[in-house]
K.L.:
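I am attaching a structure below and will ask some questions about it afterwards.
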Amino acid sequence: AGYYRQNLMIGSDSLVGQGSKEIFVAKIVNACFDLPLPEAGFTSNLLEVCQNGCISFSDTSLGATMGRTWVFPGGTPSTSTLANLSVCFNVAGTFNVSLIAANDYGTDTAFAAIIVHPPPAANAGTDTCAAAGTSITLTATGGGAYLWNTGDTTASIFITPAGSGTYYVIVTLNNCTWGDGVNVNVYYPAVISGITTICSGESATLIASPGDNYLWSTGETSKSILVYPLTDSVFSVTISDVCDTSAATFSLAVEPLPVVFAGNDTTISLGASAFLSATGGTGYLWSTGETTASITVSPESMTVFFVTA
């Protein structure tokens, strides 16, 4: 409340004498009146918020007949004359929000400190490698509470990854959350695949896996190579990637071609049958389609029969 001073003339006395004029004497009395100043006040749904969060403010001032002025350091908007509004804070820190209430007799100001927390410095760790079938520990930092995509709620977790992938963690501090991820690359020993036996004069394709970079004993650097060995041979490859370098060998047997004999040329009478017998192989395919070593044929004219062993 405030005071206002007013001078008032509230009465007079007269002095009357013989042969004199009437004289009025004014009496001055000082009076004080209590005039109401506004009483500033406001409420908010939060006093602490995460960076980029918003707070709702409501004016509860009394006697503010001339309106109000809000000031929001660090907020958007930074000022306002609305009775109720939402303000967002994009910068971390402590900010003194003020509300100035006004009427015909003066102003009053209310204050409140707003704490804006930065997001936690979530860190799931450095990308790492793990040999297939082995276990490793992942450790996150930056928070008071943790939640991994594995369901674990501790800062450190013990995993046996089935394959390469990313593990994510949500870190909470001061009711603010932030996330981070760590890549786990699972590596396997080098392997060469392909047929293990060929016949003399044939070729074979050898394929290396897994990995990114290859160096064969032949000098080639592709994932797969085509070889034409004349005799039994051993091939090797060295495979390297971001996690590991390993080597593998592969034995390729070369079998000599079979010496197949279909039998001697023969002559038969028209309508008669001939018995043909092949040797020199373990499996046979005749030009007739038969797959036994011996066949019986009844040609109607001179015919040449072929067998593959």
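The shown structure was predicted, so the numbers you read here are calculated from the model rather than taken from an experiment.
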K.L.:
If we ignore hydrogens and angles and just use 3.5 Å, is the side chain of R68 paired with the main-chain N or O of T81 as donor and acceptor?
P.N.:
yes

K.L.:
Indicate yes or no for a side-chain donor-acceptor contact from S164 to the backbone of V186 under 3.5 Å, with no hydrogens or angles considered.
P.N.:
yes

K.L.:
State whether the number of non-hydrogen atoms from other residues, nucleotides or ligands found under 6.0 Å of W178 atom CH2 is greater than 12.
P.N.:
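Atom CH2 in W178 is not packed in, count stays at 12 or less.
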
K.L.:
Does any N or O in the side chain of D59 come within less than 3.5 Å of the main-chain N or O of S61, such that one atom is a donor and the other an acceptor?
P.N.:
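Side chain of D59 to backbone of S61: a pair is present.
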
K.L.:
Under the 3.5 angstrom rule, does the side chain of S246 hit a backbone N or O of A190 as a donor-acceptor pair?
P.N.:
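Yes, the answer is positive, given that a donor and an acceptor are paired below the 3.5 Å cut-off.
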
K.L.:
Check the side chains of S298 and S273 for a donor-acceptor pair under 3.5 angstrom, ignoring hydrogens and angles.
P.N.:
yes

K.L.:
Answer yes or no: is there a donor N or O on one side and an acceptor on the other, between the side chain of N103 and the main chain of A64, under 3.5 Å?
P.N.:
no

K.L.:
Considering all heavy atoms of both residues, which atom of G63 and which atom of P38 are nearest to each other, and what is their separation?
P.N.:
O-CB, 3.6 Å

K.L.:
Does atom CG (D265) have a neighbourhood of more than 12 heavy atoms from anything else shown, all under 6.0 Å?
P.N.:
no

K.L.:
Among F57, F89, F111, exactly one meets ring-ring contact (aromatic ring centres under 6.0 Å, His included) together with F72. Which residue is that?
P.N.:
F57

K.L.:
Should S287 and V304 count as side-chain neighbours, where that means a heavy-atom distance under 4.5 Å?
P.N.:
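No. Closest side-chain heavy atoms not under 4.5 Å.
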
K.L.:
Can you tell me if CG on N90 sees more than 12 non-hydrogen neighbours from other groups inside 6.0 Å?
P.N.:
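More than 12 within 6.0 Å, yes.
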
K.L.:
With a 6.0 Å cut-off (strictly less than), is the heavy-atom count around CD1 of I295, excluding the residue itself, greater than 12?
P.N.:
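Result for CD1/I295: enclosed.
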
K.L.:
Tell me yes or no: between the side chains of T288 and E290, is some donor less than 3.5 Å from an acceptor?
P.N.:
yes

K.L.:
Is a side-chain donor or acceptor of D180 paired with a backbone partner of A124 at a separation under 3.5 angstrom?
P.N.:
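Present.
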
K.L.:
Under the side-chain contact (heavy atoms from CB on, under 4.5 Å) criterion, do V87 and I55 qualify, and how do the steps go?
P.N.:
CA-CA 5 Å; V87 180; I55 298 178; 5.6 Å; no

K.L.:
Does a donor on one side chain sit under 3.5 Å from an acceptor on the other, for S222 and E220?
P.N.:
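Absent: no donor and acceptor within the cut-off.
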
K.L.:
Does a side-chain heavy-atom distance below 4.5 Å link N149 with Y167?
P.N.:
yes

K.L.:
State whether the side chain of D127 and the backbone N or O of N183 hold a donor-acceptor pair below 3.5 Å, judged by distance alone.
P.N.:
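Yes; judged by distance alone, with no hydrogens or angles, the pair exists.
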
K.L.:
Do we see a donor-acceptor contact under 3.5 Å between the side chains of D152 and T150?
P.N.:
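Result is yes, a qualifying pair exists.
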
K.L.:
Mind listing the closest non-hydrogen atom pair of T266 and A274 along with its distance?
P.N.:
CG2-CB, 4.4 Å

K.L.:
So which heavy atom on Y105 is nearest to which on L37, and how close?
P.N.:
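Heavy atoms of Y105 and L37 come nearest at O-CD2, 2.9 Å.
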
K.L.:
Applying side-chain contact (heavy atoms from CB on, under 4.5 Å) to V227 and S233, what does each step give before you reach the verdict?
P.N.:
CA-CA 10 Å; V227 295; S233 300; over 6 Å; no

K.L.:
For the residue pair T107 and A102, what are the closest heavy atoms and their distance?
P.N.:
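Looks like CG2-CB, 3.8 Å.
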
K.L.:
Are S277 and S294 linked by a side-chain donor-acceptor pair shorter than 3.5 Å?
P.N.:
yes

K.L.:
Are any non-hydrogen side-chain atoms of I225 and Y214 less than 4.5 angstrom apart?
P.N.:
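The answer is no, as the side chains (C-beta and beyond) never meet within the 4.5 Å cut-off.
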
K.L.:
Same cluster or not: are Y146 and I170 linked, directly or through other Ile, Leu, Val, Met, Phe, Trp or Tyr residues, by side-chain heavy atoms under 4.5 angstrom apart?
P.N.:
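No, Y146 does not connect to I170 through the hydrophobic network.
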
K.L.:
Does S200 use its side chain to pair, donor to acceptor, with the backbone of P256 at less than 3.5 Å?
P.N.:
no

